[in-house]
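One-based numbering, in listed order, for ligands and for the atoms of each. The figures here come from the full heavy-atom set of this structure, side chains too, leaving out hydrogens, waters and symmetry mates.
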Amino acid sequence: MNKSTMVENSEQMIALRKLIRYASEHSPYYRETLKGHIELTNDFGIDDYKKLPFTSKEDLAANNESFLAVPKNKIAEYVTTSGTTGDPISLYLTKNDLVRLAKNERDSLALMGSTSEDLFQLLTTIDKQFMAGLAYFLGVQELDAGMIRIGPGVPQLQWASILKYKPTKLIAVPSFIVTLIAYAKENNIDFQNSSVEAIVCIGEPIRNDDLSYNTLGKRIADNWDVKLFSTYASTEMGAAFSECEVQQGCHLNEDLLFLEVLKEDGNEALDGESGEIVVSTLDVEGTPLVRYRTGDIAKVYRQKCSCGRDTPRLGPIIGRKKQMIKYRGTTLYPKAIFEVMESFSEISCYKVLINKDELNNDEITILLEEKIESLEVFGKIKELCQARLRVIPKFQFIEANVLRSKVYVKHLRKPEKIKFS
Ligand SMILES: [Zn+2]
């Protein structure tokens with residue numbers, strides 16, 4: 001966002017000043033780090049803001065409790081998110097933060113055209129200190145709509161509920177929808193004529209950079225005539241960017257976040273350019289964050305959306321800054337490799353290993369099941385790597401069971417599809 005939009009948008013500037021004042025007074029971490037950096041007058045503007053230090057995920061992990069800005073008895077919810085070292089990071093929410101969370105998801109769902117007439121089925125975890133399931137539950141209540149909480153997995157239960165209660169919308173991780181479709185086909189469930197009209201997709205991107213469907217999005221859309229909505233959110237932000245009905249990127253909710261999209265050189269990305277998403281969390285009491293570097297890279301769209309709203313929109317996450325791979329003169333993100341692997345139905349499991357060679361360049365090795373080596377498809381995999389990634393990585397073939405145990409590591413919440421060493 002540039003200065004001219006800030007001036008027009010003074011409400012956001014007021015909220016931003018309020019956040020910075022609040023954080024520097026109440027959060028021990030910011031009391032230290034913002035000391036000497038701010039003189040909060042009414043003239044405090046975007047140029048002053050841009051001089052404030054960033055907060056990284058590492059800062060949040062290393063000083064977790066010092067971010068808490070309220071006495072412990074004001075914490076209504078303890079949620080966690082995975083840290084960079086694998087230790088979970090805690091985020092503390094007050095009662096008002098829960099109200100903010102509800103408002104966020106209500107606005108998100110409304111942006112997608114949802115109303116109080118809708119009935120939602122929740123296919124994600126609501127307990128285990130996860131934020132997303134809880135946030136959607138609260139948002140649906142705030143929208144005055146209905147909710148069926150099935151939770152993750154168990155396709156037969158999901159379908160039984162869909163057929164019985166007739167929800168209009170699902171809230172789900174999109175890769176699980178692929179499983180749901182496969183189950184319906186195997187069990188002759190007439191899913192094409194079900195009550196489901198749309199799916200709110202969380203946690204994984206369903207679009208490419210140019211906003212067309214990626215492999216995952218296509219696998220769903222080609223099989224099931226439902227509308228798919230993208231979202232981008234994180235526990236730290238306590239807010240989501242969501243697609244509107246014209247689906248030209250995910251809109252910022254300006255009441256809840258102040259957004260910067262920063263290029264490598266530190267300058268703000270212009271319309272259609274990509275950069276790192278940096279946010280300040282407006283109106284947060286428990287764990288306020290100032291200039292939080294998410295590490296996520298996306299394109300930003302600043303032209304007015306054809307839905308009529310003029311808030312900036314984000315494209316799908318291209319990758320994480322830390323996961324940028326430099327390989328033989330090209331740079332790429334893990335997602336590009338995943339896309340190639342997931343487009344082959346013969347590949348049911350794989351793992352990408354990134355190692356440094358003696359010249360400190362990244363080396364990519366892909367572990368595949370041993371049967372793939374002798375199949376014709378192996379040639380096609382190499383061809384597609386060349387075409388899409390512009391490089392052919394090394395391949396290593398191992399026994400299927402061994403491979404699966406390397407991907408589905410017991411103590412991890414998600415399959416480990418890539419490992420940096
Ligand atoms: Zn729009």
Side-chain angles (χ1 to χ4, degrees), residues 1-2 4-6 8-12 15 100-118 120 132 135-136 139-140 142-143 145 168-172 174 197-214 216-218 220-221 225-234 237-261 268-275 277-279 281-282 294 296-318:
M1 187 169 295
N2 57 36
S4 58
T5 33
M6 276 311 299
E8 287 160 32
N9 204 341
S10 62
E11 254 180 57
Q12 241 211 337
R100 176 183 175 274
L101 204 56
K103 211 165 23 173
N104 165 66
E105 300 302 357
R106 176 204 62 197
D107 291 354
S108 281
L109 296 171
L111 202 59
M112 301 169 193
S114 306
T115 68
S116 59
E117 300 294 312
D118 277 306
F120 291 85
Y136 278 104
V140 165
E142 193 66 22
L143 190 66
T168 50
K169 286 176 182 156
L170 308 182
I171 298 169
E197 294 160 8
I199 302 171
V200 180
C201 297
I202 69 167
E204 293 170 325
I206 51 163
R207 296 188 188 280
N208 297 312
D209 228 11
D210 62 2
L211 301 180
S212 62
Y213 281 130
N214 64 11
L216 183 58
K218 231 182 282 161
I220 302 170
D225 184 20
V226 287
K227 198 156 183 179
L228 304 178
F229 288 100
S230 302
T231 59
Y232 163 65
S234 74
M237 299 194 293
F241 291 75
S242 303
E243 273 181 354
C244 64
E245 284 181 277
V246 302
Q247 307 192 298
Q248 293 298 307
C250 296
H251 281 276
L252 163 72
N253 188 332
E254 289 191 314
D255 294 341
L256 307 181
L257 293 176
F258 184 86
L259 171 72
E260 295 171 272
V261 182
E268 195 83 49
L270 304 174
D271 182 51
E273 288 185 333
S274 61
I277 301 163
V278 177
V279 294
T281 55
L282 305 176
T294 62
D296 293 331
I297 311 281
K299 271 188 187 167
V300 62
Y301 301 95
R302 299 182 186 279
Q303 306 280 351
K304 191 172 181 169
C305 180
S306 50
C307 72
R309 295 176 187 89
D310 57 9
T311 45
R313 287 155 287 138
L314 296 178
I317 302 308
I318 302 166

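Taking the salt bridge (Lys or Arg N to Asp or Glu O under 4.0 Å) definition, one finds that E204 meets it with nothing, sequence neighbours left out. Residues forming a side-chain contact (heavy atoms from CB on, under 4.5 Å) with T231 (at least two apart in sequence, or on another chain): M112, Y136, V200, I202, S242. With sequence neighbours excluded, the residues satisfying salt bridge (Lys or Arg N to Asp or Glu O under 4.0 Å) with K299 are D209.
Shown here for L228 and R207, the closest heavy-atom pair between the two residues is O-NH2, 3.7 Å. Minimum interatomic distance between A269 and V300 (heavy atoms only, all atoms of both residues): O-CG1, 3.7 Å. Considering all non-hydrogen atoms of both residues, A298 and G315 come closest at CB-O, 3.7 Å.
Protein N/O/S atoms closer to the Zn ion (ligand 1) than 2.8 Å number 4 in this structure.
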